[in-house]
Peer 1: 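Starting off with a structure, shown below.
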Amino acid sequence: MAGELEEKRQRISAYAVIVKDGQILLARIAAGYPGAGSWTLPGGGIDWGEHPQDALHRELYEETGLAGEVISLLGIDSIHLERRRNGKLVGFHAVRIIYHVDAEGEPVVTELDGSVSESRWMSLEETVEVPTVELVKRALEMLAAQA
């Protein structure tokens with residue numbers, strides 16, 4: 001890390017990668033959140049005491065209105081970031097549990113005022129044309145390696 005961290009934060013989260021008929025289900029990050037406007041996988045933070053798969057199902061419903069079935073655990077990813085926050089250098093460590101999930105239907109965001117403003121099926125080709133967080137690429141790599 002580049003500097004002396006004044007604060008350290010860690011977040012453990014669960015995400016779904018859902019690919020059907022050449023399309024992937026993605027969620028757009030809402031204004032006011034890091035990465036606003038970018039597309040990401042449905043998912044998010046695991047609450048204290050919550051099983052990762054329970055968090056996955058909760059987040060999937062909140063962000064897409066869909067219920068999904070876990071096919072497999074794709075992998076666990078870890079990333080370190082530094083950001084200035086209120087003048088302090090803050091280190092963020094994100095541990096991301098990524099599941100391969102099956103789901104069908106038309107997505108609709110059910111959580112009001114949450115971290116996602118919309119969700120939709122997007123062609124895999126389109127994902128290179130729109131802003132996506134690096135997690136999307138990482139999850140697709142994991143999915144390809146499992147095939």
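No hydrogens, no waters, no symmetry mates; every other heavy atom, side chains included, goes into these values.
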Peer 1: Do side-chain atoms of R84 reach the backbone of G87 as a donor and acceptor pair under 3.5 angstrom?
Peer 2: yes
Peer 1: If you measure from CD1 on I12 to OG on S78, what distance do you get to the nearest 0.5 Å?
Peer 2: 10.0 Å
Peer 1: With rounding to the nearest 0.5 angstrom, report the NE2 to CZ distance, H51 to R58.
Peer 2: 13.5 Å
Peer 1: Assess whether side chain to side chain contact (heavy atoms under 4.5 Å, CB included) is satisfied between E82 and L5, documenting all intermediate values.
Peer 2: CA-CA 8 Å; E82 290 182 1; L5 298 176; 3.9 Å; yes
Peer 1: Report yes if the side chains of V116 and I29 come closer than 4.5 Å at any heavy-atom pair, otherwise no.
Peer 2: no
Peer 1: In Å and rounded to the nearest 0.5 Å, what is the CD to CG distance from E62 to L112?
Peer 2: 10.5 Å
Peer 1: Can you hop from W39 to Y15 via hydrophobic side chains spaced under 4.5 Å?
Peer 2: yes
Peer 1: Would E106 and R120 pass as an ion pair if we require N to O under 4.0 Å?
Peer 2: no
Peer 1: So, for V109 and E118, which heavy atoms are closest and what is the spacing to 0.1 Å?
Peer 2: CG2-CA, 3.6 Å
Peer 1: Could you go through the side chain to side chain contact (heavy atoms under 4.5 Å, CB included) check for L25 and T64 one step at a time?
Peer 2: CA-CA 9 Å; L25 183 60; T64 71; 3.8 Å; yes
Peer 1: Are V95 and Q10 packed together at the side-chain level, in the sense that at least one heavy-atom pair is separated by less than 4.5 angstrom?
Peer 2: yes
Peer 1: Report yes if some heavy atom in the side chain of L73 is under 4.5 Å from a heavy atom in the side chain of I97; otherwise report no.
Peer 2: yes
Peer 1: Taking all non-hydrogen atoms of both residues into account, name the closest pair between P52 and A14 and its distance.
Peer 2: O-CB, 3.6 Å
Peer 1: Would you say that M122 contacts V130 through its side chain, given a criterion of any heavy-atom pair below 4.5 Å between the two side chains?
Peer 2: yes
Peer 1: In terms of hydrophobic clustering (I, L, V, M, F, W, Y; side-chain heavy atoms under 4.5 Å; direct or indirect links), are M142 and Y99 co-clustered?
Peer 2: no
Peer 1: Between atom CD of E59 and atom CD1 of I46, what is the distance when rounded to the nearest 0.5 Å?
Peer 2: 9.5 Å
Peer 1: Measuring from Q146:CD to E141:CD, what's the distance to the nearest 0.5 Å?
Peer 2: 14.0 Å
Peer 1: Strictly distance-based, threshold 3.5 Å: is any side-chain N or O of R28 a donor or acceptor partner for the main-chain N or O of G37?
Peer 2: yes
Peer 1: Judged by atom type as modelled, is there a donor-acceptor pair below 3.5 Å linking the side chain of E50 to the main-chain atoms of D47?
Peer 2: yes
Peer 1: Taking all non-hydrogen atoms of both residues into account, name the closest pair between A36 and A30 and its distance.
Peer 2: CB-O, 3.4 Å
Peer 1: For the pair E126 and I24, evaluate side chain to side chain contact (heavy atoms under 4.5 Å, CB included) and give the outcome as yes or no after the intermediate values.
Peer 2: CA-CA 10 Å; E126 191 177 356; I24 185 169; over 6 Å; no
Peer 1: Side chains of H100 and L143: does their closest heavy-atom pair fall under 4.5 Å?
Peer 2: yes
Peer 1: Identify the two heavy atoms, one from A103 and one from G68, that lie closest to each other, and give their separation to 0.1 Å.
Peer 2: CB-CA, 4.0 Å
Peer 1: Assess R83 against F92: is NZ or CZ under 6.0 Å from the centre of the six-membered ring, and within 45 degrees of the ring's axis?
Peer 2: yes
Peer 1: Looking only at non-hydrogen atoms, find the nearest pair between L60 and V101 and report the distance.
Peer 2: CD2-CG1, 4.4 Å
Peer 1: Is the shortest heavy-atom distance from the side chain of V133 to the side chain of S38 under 4.5 Å?
Peer 2: yes
Peer 1: Any Lys/Arg nitrogen of R96 or E134 sitting under 4.0 Å from an Asp/Glu carboxylate oxygen of the other?
Peer 2: yes
Peer 1: Does some side-chain heavy atom of I98 sit less than 4.5 Å from a side-chain heavy atom of L135?
Peer 2: yes
Peer 1: Is there a donor-acceptor pair closer than 3.5 Å between any side-chain N or O of S72 and the backbone N or O of L74?
Peer 2: no
Peer 1: Is a side-chain donor or acceptor of W121 paired with a backbone partner of V19 at a separation under 3.5 angstrom?
Peer 2: no
Peer 1: Quick one: does any side-chain atom of T110 pair with a main-chain N or O of Y61 as donor and acceptor, under 3.5 Å?
Peer 2: yes
Peer 1: So, taking the atom named CD in E7 and the one named CG in N86, what distance separates them when rounded to the nearest 0.5 Å?
Peer 2: 9.0 Å
Peer 1: Should Y33 and L41 be regarded as members of a common hydrophobic cluster, given that ILVMFWY residues are connected when their side-chain heavy atoms come within less than 4.5 Å of each other, either directly or indirectly?
Peer 2: yes
Peer 1: Please name the pair of heavy atoms, one in G45 and one in A55, separated by the smallest distance, quoted to 0.1 Å.
Peer 2: O-CB, 4.3 Å
Peer 1: Ignoring hydrogens and angles, tell me if any N or O in the side chain of T127 forms a donor-acceptor pair with the backbone of L124 under 3.5 Å.
Peer 2: yes
Peer 1: Could you tell me whether a side-chain N or O of E111 sits under 3.5 Å from a main-chain N or O of E63, the two making a donor and an acceptor?
Peer 2: no
